[in-house]
Amino acid sequence: MKERPRDSPQKIPVLGLGTWKMARNEVGPAISAAIDIGYRHFDCASIYNNDTEIGVALSAALGSRKVRREDLWVTSKLWNNAHGPKYVRPALERILKNLKLSHLDLFLIHWPVSFKADITFPKRADQFIALEDLPIIETWSAMEKMVKKGLCRNIGVSNFNISRLTELLDLATIRPYLNQIELHPYLQQPQMIEYCRQHGLQLSAYSPLGSGKQPEIDGFETPSLVHHPVICKLALKYQATAAQVLIAWGLQRKTIVIAKSVHTKHLEGNFKSLQLDLDEADMLTINQLDLGYRFLDGAFFTPAGSPYKLSDLWDD
Ligand code: 1BO
């Protein structure tokens, strides 16, 4: 039986499983294990190139009645080569076919960056389309139609800065459900948090654990977040893992947190962050770690001659 859009949960579960960089042979088992553990929110994207395998795992869980469609929240994202009225619906239909779903709970514009339709990742400046030539509102209006058609329940954006959000809020008929951005103690984005609070927008945090990469700031290598002495000390205090402390910090800031792991032990551990309550003083201690450091700065969108500049992508 086909699931109906109205069967989706009304509210996004605050902790989601991220699937970026999950290999095609590991994503299915990770989704199945996550469902057994209790995860109900899955964050996907067409560019992650693993949604067929996600679809098989979701459909097995739904078919065996382990979960009902209305208990799941599935997000996916429109890739940069499918902006514009002509491409949005076919791109969404392809995502739904791969995921074996009849609707998404949330469909995001992945980046405020456009490519020509036949380009997956540009190597040259002429493979981009400037936003002046294809304004975001044209893509957004096409996404609004997808809500009306019942192909997605909510629409939103990712990697939008404050001025892009402001432009969109001015023109949109349907308000963005959320903005998904990089957020962790090294990149706390207080102005964005405040802007979204004032405008009633939700934020979801990708890379909540930072990255295995150790940021180098002014020639000094800083520890990866899960090895940061402050985080490790708090982990010890709460008898938790560093990952649990980082996730709990994100949840207590009232952001939705998208954490990724393919290992059952880590999936279980991360899920237990929902029960961890950091006290106010420890939240403030973590707030001191901000470096304004981005692991994913979008520099790959800014080769020489590209219409995109890092200074247009981010507020900082
Ligand atoms: C290509 C970057 C994707 C992160 O969601």
Side-chain angles (χ1 to χ4, degrees), residues 12 15-24 26-27 30-31 41-54 73-83 87 91-92 94-95 98-99 104-124 127-129 131 136 139 143 152 155-161 164-165 176-184 186-187 189 192 202-213 215 225 247 250 255-262 293-303 306 308-310 312-314:
I12 186 165
L15 178 62
L17 179 68
T19 61
W20 183 31
K21 294 187 186 163
M22 279 195 192
R24 295 172 75 169
E26 51 189 21
V27 70
I31 298 276
H41 169 183
F42 300 96
D43 184 78
C44 319
S46 54
I47 193 64
Y48 301 164
N49 199 26
N50 55 12
D51 54 3
T52 305
E53 290 74 15
I54 296 173
W73 182 285
V74 183
T75 297
S76 190
K77 311 185 191 89
L78 181 76
W79 188 233
N80 307 350
N81 60 2
H83 285 199
Y87 298 109
L92 176 53
R94 200 162 42 246
I95 289 171
N98 289 346
L99 290 173
L104 291 177
D105 299 282
L106 179 60
F107 188 34
L108 305 179
I109 297 182
H110 205 147
W111 288 87
V113 170
S114 291
F115 309 157
K116 293 194 170 153
D118 53 342
I119 302 298
T120 305
F121 236 101
K123 293 189 179 65
R124 298 189 316 264
Q127 296 172 324
F128 290 89
I129 303 174
L131 291 186
I136 285 291
T139 301
M143 293 183 54
C152 52
I155 50 179
V157 294
S158 181
N159 299 301
F160 271 44
N161 64 19
R164 295 249 175 269
L165 284 177
Y177 187 83
L178 57 70
N179 184 21
Q180 183 180 114
I181 56 172
E182 181 180 337
L183 281 175
H184 45 70
Y186 283 161
L187 184 69
Q189 308 214 46
M192 176 64 84
Q202 302 193 74
L203 276 170
S204 78
Y206 70 74
S207 301
L209 312 182
S211 150
K213 205 166 97 186
L225 273 168
I247 295 169
T255 58
I256 293 143
V257 177
I258 309 294
K260 177 221 158 193
S261 179
V262 291
Y293 184 86
R294 277 177 200 285
F295 289 98
L296 186 65
D297 67 3
F300 37 73
F301 299 138
T302 63
S306 162
Y308 298 93
K309 309 262 163 296
L310 286 184
D312 299 331
L313 273 181
W314 312 120

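Keep in mind the model is a prediction, meaning the values are calculated, not measured. Atoms within each ligand, like the ligands themselves, are counted from 1 in listed order.
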Side chain or backbone of Y206 under 4.0 Å from ligand 1, or both, or neither, by non-hydrogen atoms?
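No part of Y206 comes within reach of ligand 1.
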Any N or O of W20 that comes nearer than 3.5 Å to an N or O of ligand 1?
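No, no N or O pair falls under 3.5 Å.
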Between K77 and ligand 1, is there a nitrogen or oxygen pair with a distance under 3.5 Å?
no
With heavy-atom distances below 4.0 Å as the criterion, list the atoms of ligand 1 near Y48.
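Ligand 1 atoms under the 4.0 Å threshold to Y48: 3 (C), 4 (C), 5 (O).
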Determine, for K77 against D43, whether the closest basic-nitrogen to carboxylate-oxygen distance falls under 4.0 angstrom.
yes
Applying ring pair (Phe, Tyr, Trp, His ring centres under 6.0 Å), run through W79 and Y87 and close with a yes or a no.
CA-CA 10 Å; W79 188 233; Y87 298 109; over 10 Å; no
Contact between H110 and ligand 1, counting heavy atoms under 4.0 Å?
yes
When you measure from atom 1 (C) of ligand 1 to every protein heavy atom, which one gives the shortest distance, and what is it?
W79 CH2, 4.0 Å
Applying the side-chain contact (heavy atoms from CB on, under 4.5 Å) test to M192, which of L187, L165, L183 qualifies?
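Going through L187, L165, L183 one by one, the side-chain contact (heavy atoms from CB on, under 4.5 Å) with M192 is satisfied by L165 alone.
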Indicate yes or no: at least one non-hydrogen side-chain atom of L313 is less than 4.5 angstrom from one of R164.
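Side chain of L313 against side chain of R164, heavy atoms only: no contact under 4.5 Å found.
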So, do F160 and W111 sit near enough that their side-chain heavy atoms are less than 4.5 Å apart?
no
